[in-house]
Amino acid sequence: MSDGNQGGVDLKVVGQRPIRPDGVDKVTGRAQFGADFHLPGMLTGRIKRSPYAHARIVSIDTRAAEKLPGVKAIVTSADFDAGAAGEVEAGESHAAMKEVAANCLAHGKVLYQGHAVAAVAATLPEIAAEALDLIEVTYEVLPHVIDVEEAMAADAPVLHDDMYTKGVTPKPGKASNVAAKHVMGRGDVAAAFKAAGVIVEGRYETAAVHQGYIEPHACVASWGADGQSTIWCSSQGQFLVRAMVAKILNMPLSDIKVIPAEIGGGFGGKTTVYLEPVALALSRKCGRPVKIVMSREEVFLASGPTSGAVMDVRLAARMDGKITGAEMTLKYQAGAFQGSPVNLGLMTAFACYDVEALALTGYDVVSNRPKVAAYRAPGAPMAAFAVESAIDDLALKLGMDPINLRLLNAVRDGAKTVYGATVRYSALVETLEAIKASPHYQTPVGKGQARGVAAGFWFNVGGESSAAVHVDEDGGVTVVSSNPDIGGSRASMAMMAAETLGLPIERVRCTVADTTSIGYSGSTGGSRVTFATGMAVVEAAQKVVADLKRRAAQTWECDIAMVEWKDGVATCTDPAKDVKPLSMKAIAGKTAKTGGPIAAEVSLNAQGAAAGFGVHVCDLEIDPETGRTTVIRYTAAQDVGRAIHPAYVEGQLQGGAAQGIGWALNEEYVYGKSGLLENASFLDYRMPVASDLPMIDTILIETKPNPRHPYGAKGVGEVPIVPPLAAVSNAVSRIVGKRMTSLPMSPAKVLAEMDK
Amino acid sequence: MSRMVVNATVNGEPVEFLAGGGQSLLDALRDELRLTGSKEGCGTGDCGACSVIVDGRLVCACLMLAPEAEGTRIETIEGLADNGHLHPLQHQFLEQAALQCGFCTPGLLMASKALLDRNPDPTETEVRYWLAGNMCRCTGYDKVVRAVMDAAADLRQAEKPR
C-alpha cells in the first residue's frame, strides 16, 4: 500500500489543468460511444415491452413475427439460463443475478410498464419494429401498487410470492412487498429525548428521479461459432458487464470479451445490464452481430431511476444547539425488485454529525416501478434532505446561524460513525469554515431572496483495480486503465503517472482497456477510480522508475542507491563516477541491451478511501405569481483531499449541484391511476438546462490530503449531490414561510403552499 | 420500402445518399454517411445532442426528415475543425474542461457556433438561453458558458483589423 508516500511540496503535474488526453476526440465527434459502433452484417435488435404495470404473462406467441422476412432471431426469458444465480459486485452494492436476468427479460410476470418481455433481431429497424407488433403476448392483468407506503400496506398487491421481509424475527408468516428491514443505532435515544431542551420533527418525501445521462443505453454483441463472443457497450464497468452476461447466459468469463465504448454519462445508472445479455442471446441464435439502442422513452421506463422516499426524522438537542439524539425511519422504493439503497441512507443520514444516541430504521420496498439503479451517492441525498431540513428547523428555533449550529455538531477525526467506522482525515469543519468565510456567505442576502445551507457526506470506496504503465521506445509512456472514463479520468491517470515518472504530461497518454487487455477492475463507481485505479497507476509507475534506476546503475556499473531519478532523468550521485545523466529517452532506446522492454502492471485492492464532506449555500428567489424558483447564486465547498486535476474536480461539484437542484425543484416520476408513467420524455421530465442555473462557484478544501493515496486524493464525484436538496429547500422554506417537506418543489406545489 | 436519392452538401463536400421517407436526418447522417458525431439523446428535439446547422439555421437533426435535406448545406461536428485546426470553441471547451462525458459536446459546440455566427458578443444570459435546448447532465453548464464566452472573445480578437 502507498501509505504516506505523498509528494506534497513540489508537485509539477498534479494540481495543474492540462487538456485531457481524449479531449480532441470528444470535441471533434470522433469519440465512439455505445451507439456509434458498426459491424458488417449487423442486425438491429428491438425490445417488446409490457404495456401494463403488473400482469401475469399467460403466453408469448412469436410465430407470426418469426415468419416476417428479415427477422433473424427472437428471444424471451426462456433463452436465458434459468439457473443464473449468485451475486455480482456492482458499484456500491451487490446484484442478485436471478433478478438482473428477470429485469432484462421478464420471467412469468411483468412488474412495471416497460418491463422487457421479448426481443427481436432483424435486418432493418423498420422490420424489427414490425416484428415487435407481430409478437403476441397474452397478459392476465393484476392489481398494481406504485406508492411506497401503499405497497407496505397489509392488503397491497404482492409482487413476489416468495418475498418474506428480511431482518425481521421471527420470519413473517406471509409474503409482502417489504424486502428487508434494516436497523441501526446506538446510545439511549429515549433518554436523549427526555432530557432534550428542544425537539424538532418532520416527515419528508422525495420523488423517484432518473440519473438522466444523455446517452441512452446501447450495445453491439457478436457471438462466435466457437462460443467466443465480443460485446461493445457503454457501461461503468466492462468487467461488470462481462460477469453479468456470463452468469445470465451461463458462459465462461473467458469466452466473453467486453470492449468499453466511451460512456455518455452514467451517474451509477450504468452499473448494471439491460441490453447486453439480450443482444448476445439474439446473436447466439442467429450468428450475426446485433445492436440494440434504447430510445429515451425506454430509458425512462425501464432503466433505473433512484428511490423515491418517505422519511420521518426527530432530533433532540440541548438549548445550546448540541444534538444529543435522533430517530429516523426511511422507506425507500426499490422498484420491481429488492435492492433500494436504504441501508446507505441510514449509514449516511447523520454521518456529518457527532450524535451520541441514534435509532435508525429503514425499509426496502418493492412496487410496480422500474428497478432502481445506483444514482450518485445512492441513498444519501434523500436522507440528507430530511436531516438537513430538521437541522435548519433547529437553527430557526434556537435563532442560531446554520453554519455555527453545524460547526457545533460536526464530526471530527476520531469520532465513531453509526456503522462502526472511525472518522479519519476528515475536513468537514474546514469546509464549513470555508463556506462561512466565502464571499457568498459574507454577502447579505438580496432583497426578496433567501439563503439555504446544507452539508453532505459520502463514504467513497476503493477496491480492486488494475493498471499498467508501458515505456515506449522513444521514452514516452502509455498508461493502460481498467476503468471507463466517465468524466476525465484518463487525464488524472496520465497526470499521476507523469508526476511519478517526472515526465511532462504531453509525454504520457492513457487508454482504457478491454477485459482481455488488463487485469480485473471494479466498476467506475463509488468515486473510486482516481483513488483506487490511480493508486494502481502510481504503483506501476513506481515500479517503472525502479526499473529505470536499475538499468542506469547497470549502465554506469554503480550501486543502485547512487542513482537518483528526477524530472525524467537518472543522475549518478557517486562522486567517483564521471558519467552523464541518462534521460528516459536514452534508457528507453537501449532496452534490448539492458533487459528488455520496460513495463509494469499492478493489480491491487485499494484500502483507505477517505470519506468526503460537502457544504453548499444557495440564494434563490420565487416568482409569487407562478411559484417558479430561480437559483440566483450557488457555492459548493468540498473536502477533496487533493485535487489531481482541479478543473475536473470543480466540474464534479458543479454537475452534482446541478443534478441536486433539479432533484429539489423539478424532477420526478409521475404516475397515473393505471400505474403508467406519464412523463417518460425530456420534455416532461424536467432536468435543469443552462437558462435555469447561475454560475456555480466552487471551493476545494485541500487541507487534509488522504495519506492512504500517493497524491492525497479522495473520491469527489458523489458528495456534491448530497447537500443541494436541502440547501435549496431550506431557502425555499424561508420564502414560503413554512417548512417545505416534499420534493420536487415544483411551481405548482410552491404556489399551493404560498396560498395556504 | 422505397427509398429516395438525396443530394446535399455536408461540411463543404457534396454527398449522395438513400433515405427512407420516414428517416430522420440524424439517422441518415449516422447510418448512411457514418457521421456518428451527431448523437441521439432523445429523438424528440428536447436534448440537442443532434444539433447541426442546415443552411445557416440551427436544427435538431432528429426532427428533420432526411429527404428534406435535398439541396441543403449541412454543417456537422465533423466539419467544425478546419483542416485539423480546432475551432476556437473546441479549443476553449478543452482548455476550460467544459465537458465530462463528452456526449452532449458535439451538439453544444454546433449550437454555440450557430450563436456566435449571428451574435459575436453574447452576454452570459444570451448564451444560457441560446443553449437552453442543449442538455448537459455532467457539467452544470458553468464551464460550458465560460468556454463559449471566451471563444467569442477569441473570435472577436481574431477578427480585429491589425
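Proteins come first, then strands; the chains are lettered A, B, ... in the order of their sequence lines, and each starts at number 1.
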Starting at [atom1] of [X], measure out to [atom2] of [Y] and round the result to the nearest 0.5 Å.
X        : Y        : atom1 : atom2 : result
B:His87  : A:Thr28  : NE2   : OG1   : 14.0 Å
B:Ser38  : A:Asp36  : OG    : CG    : 10.0 Å
A:Ile486 : B:Cys138 : CD1   : SG    : 7.0 Å
B:Met135 : A:Tyr213 : CE    : OH    : 14.5 Å
A:Thr44  : B:Asp31  : OG1   : CG    : 8.0 Å
A:Glu215 : B:Cys47  : CD    : SG    : 11.5 Å

Between [X] and [Y] (side chain of the first, backbone of the second, donor and acceptor by atom type, cut-off under 3.5 Å), is there such a pair?
X        : Y        : answer
B:Asp142 : A:Met695 : no
A:Glu262 : B:Cys101 : no
A:Gln654 : B:Gly140 : no

Under 4.5 Å from any heavy atom of chain A - which part of [X]:
X        : value
B:Leu94  : both
B:Leu99  : both
B:Thr139 : backbone

Give, as side chain, backbone, both or neither, the part of [X] having an atom under 4.5 angstrom from any heavy atom of chain B.
X        : value
A:Pro694 : backbone
A:Ser295 : neither
A:Gln32  : side chain
A:Ala647 : both
A:Val299 : neither
A:Ile263 : backbone
A:Leu693 : both

Pick from [options] with the largest number of heavy-atom pairs that fall under 4.5 Å of chain B:
options                      : result
A:Arg30, A:Gln211, A:Met294  : A:Gln211
A:Ser691, A:Gly651, A:Gly29  : A:Ser691
A:Asp485, A:Val24, A:Leu653  : A:Val24
A:Glu650, A:Glu297, A:His645 : A:Glu650
A:Gly212, A:Ala658, A:Gly488 : A:Gly212

Exercise for review: Please identify each residue that fulfils salt bridge (Lys or Arg N to Asp or Glu O under 4.0 Å) with A:Glu667, with sequence neighbours left out.
Suggested key: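 Once residues adjacent in sequence are excluded, the partners of A:Glu667 under the salt bridge (Lys or Arg N to Asp or Glu O under 4.0 Å) criterion are B:Arg137.
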**Study point:** Toward chain A: residues of residues 120-128 of chain B with heavy atoms under 4.5 Å
**Key:**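 Result: B:Glu124, B:Arg128.
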Exercise for review: Please list all pairs passing the side-chain hydrogen bond (donor to acceptor under 3.5 Å, both in side chains) test where one or both residues lie in residues 53-75 of chain B, with sequence neighbours left out.
Suggested key: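 As it turns out, the side-chain hydrogen bond (donor to acceptor under 3.5 Å, both in side chains) pairs with a partner in residues 53-75 of chain B, which skip direct neighbours, are B:Glu75-B:Lys113.
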Check your understanding: Which of the residues B:Pro106, B:Gly45, B:Gly37, B:Ala97 is involved in the greatest number of heavy-atom pairs with chain A at under 4.5 angstrom?
Key ->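 Option with the greatest count: B:Ala97.
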Practice item. Heavy-atom pairs under 4.5 Å with chain A are the metric here; pick the option from B:Arg34, B:Glu78, B:Gln96, B:Glu40 that has the most. Key: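 It is B:Arg34.
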**Study point:** Sidechain N-carboxylate O distance under 4.0 Å for A:Arg17, B:Glu95
**Key:**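 Looking at A:Arg17 and B:Glu95, the cut-off is not met.
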Practice item. Taking only Lys NZ, Arg NE, NH1 and NH2, and the carboxylate oxygens of Asp or Glu, determine whether A:Arg296 and B:Asp46 approach each other closer than 4.0 Å. Key: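 Salt bridge between A:Arg296 and B:Asp46, a charged N being under 4.0 Å from a carboxylate O: no.
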Point to revise | Inter- and intrachain pairs under ring-ring contact (aromatic ring centres under 6.0 Å, His included), touching residues 101-147 of chain B, at least two apart | key: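 For residues 101-147 of chain B, and leaving out neighbouring residues, the ring-ring contact (aromatic ring centres under 6.0 Å, His included) pairs sorted by first residue read A:Phe33-B:Phe103.
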